[in-house]
Amino acid sequence: MSELSDYVDALTRIAREAGQLVMRGYRRDTRVTKKGEIDLVTEYDLASEALITEQLARALPGLPVVGEEAQGKRVIERGDEGLRLFVDPIDGTTNFAHGHPFFAVSLGLCRGGTPLAGVIYAPALDLLWSGAVGEGAFRNGEACRVSASATLRDALCATGFGYDVVGAGDDNVAEFRLVQSRCRAVRRCGAAAIDLALVADGTYDGYWEFMLQPWDVAAGAALVLAAGGRVSDFDDRALDVHRGAVVASNRLVHAPLRETLAEVRRGKPVPTR
Ligand code: LIP
């Protein structure tokens, strides 16, 4: 058993437990508060993160944890190349709050900003993805690989629109329009972690988004790499989860997808966190 697979086993247990807790509030009246104009947090985001943090302290003592809801309480300096775990207690909180099944618990292990391993559990879909870079990826325990779609025209892609890009000049709509016109179809389902897991298991052929948080990206990016795919930023540099801009693919459509995004942006820097 490698060290990474020991991590994945522990994270799988914890993600399942947190997912079952979150399902107690699914399509039930839950307390919802606003973190921004359209950015929500529910009592189940908070309960899930509390459970995960407590379980991690027991199972992986000393591992630094950066959680969405505790953001700011634990700041890890950029450039610190230590191991850390990024926790999204409910990725796709807006979906969860509206009773839409596309939400997940996402636990991503990184060294600095580099993804190493991840577990993503979507309890309402009864899907659990897990894996580690160099050790393969799994969907409900079965080995999975990225797809073999060779051209952008034959590709099913996905993207998302961050809470704070809505109404801003740089809102990913022009990118959506051009990619949509060049691929088979684009999906927008509202949870980056699940979008990336669906690239890893070959459902989607490509995904892009910017203005994301490290906890939205860490686990899914590790799974795409573990499944033989490619993840980068918009300039094709190796992904640093702190930068918040990601392009992920089955490798074969990476260049045409990135070039299409670059065509829209014409050198305009991608907004980062
Ligand atoms: C969400 C991401 C989604 C993005 C949203 C938000 P949250 O994360 O999964 O892809 O478009 O803006 O960042 O807030 O539900 O954890």
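Order of appearance sets the numbers: ligands from 1, and atoms from 1 within every ligand. Computed from heavy atoms alone, side chains included, the values below leave out hydrogens, waters and symmetry copies. Computed from a predicted structure; not experimentally measured.
- The nearest protein atom to atom 13 (O) of ligand 1, hydrogens excluded, is given as Asp216 OD2, 3.5 Å; this is a heavy-atom distance.
- Ion pairing of Glu68 with Lys35 is present here, as a side-chain N (NZ or NE/NH1/NH2) and a carboxylate O approach within less than 4.0 Å.
- Looking at Gly160 next to ligand 1, no N or O pair under 3.5 Å apart turns up.
- A distance of 7.5 Å separates CZ of Arg16 from OG1 of Thr12, quoted to the nearest 0.5 Å.
- No side-chain donor from either of Trp215 and Asp91 sits under 3.5 Å from a side-chain acceptor of the other.
- Heavy-atom proximity to Ile90, at under 4.0 Å, picks out these atoms of ligand 1: 16 (O).
- A cation-pi arrangement is found for Arg265 relative to Phe210, the charged atom lying closer than 6.0 Å to the ring centre and inside a 45° cone about the ring normal.
- Within ligand 1, the atoms closer than 4.0 Å to a non-hydrogen atom of Phe161 are 11 (O), 12 (O), numbered from 1 in the order shown.
- With a 4.0 Å cut-off on non-hydrogen atoms, Phe103 does not touch ligand 1 at all.
- Between Glu43 and Arg24, no side-chain nitrogen of the basic residue sits less than 4.0 Å from a carboxylate oxygen of the acidic one, so the salt-bridge criterion is not met.
- Inter-residue side-chain proximity for Met211 and Asp171 is flagged as unmet; no heavy-atom pair is nearer than 4.5 Å.
- Taking atom 8 (O) of ligand 1 as the reference point, the nearest protein heavy-atom neighbour is Asp91 OD1, 3.0 Å.
- Between the side chains of Asp205 and Ser149, a donor-acceptor pair is found at a separation under 3.5 Å.
- Every atom of ligand 1 is numbered from 1 in the order shown, and the set under 4.0 Å from a heavy atom of Ala192 is 2 (C), 3 (C), 9 (O), 10 (O).
- Residue contacts with ligand 1 leave out Asp195, since none of its heavy atoms falls under 4.0 Å from the ligand.
- Among the atoms of Gly92, some N or O lies under 3.5 angstrom from an N or O of ligand 1.
- The protein atom (non-hydrogen) at minimum distance from atom 6 (C) of ligand 1 is Tyr163 CE1, 3.6 Å.
- Leu40 belongs to a hydrophobic cluster whose remaining members, ordered by chain and number, are Val32; membership requires side-chain heavy atoms of ILVMFWY residues under 4.5 Å apart, directly or through intermediates.
- Residue contacts with ligand 1: Asp88 is placed with a nitrogen or oxygen under 3.5 Å of a nitrogen or oxygen of the ligand (distance criterion only).
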**Prompt:** Can you check salt bridge (Lys or Arg N to Asp or Glu O under 4.0 Å) on Glu54 and Arg58, steps first, answer last?
**Reply:** CA-CA 7 Å; Glu54 190 197 314; Arg58 284 213 202 106; 3.0 Å; yes
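- Contacts with ligand 1 closer than 4.0 Å are made by side-chain heavy atoms of Glu68 only, the backbone lying farther away.
- Considering only non-hydrogen protein atoms, atom 12 (O) of ligand 1 sits nearest to Gly162 CA, 3.2 Å.
- At least one N/O-N/O distance between Glu209 and ligand 1 falls below 3.5 Å.
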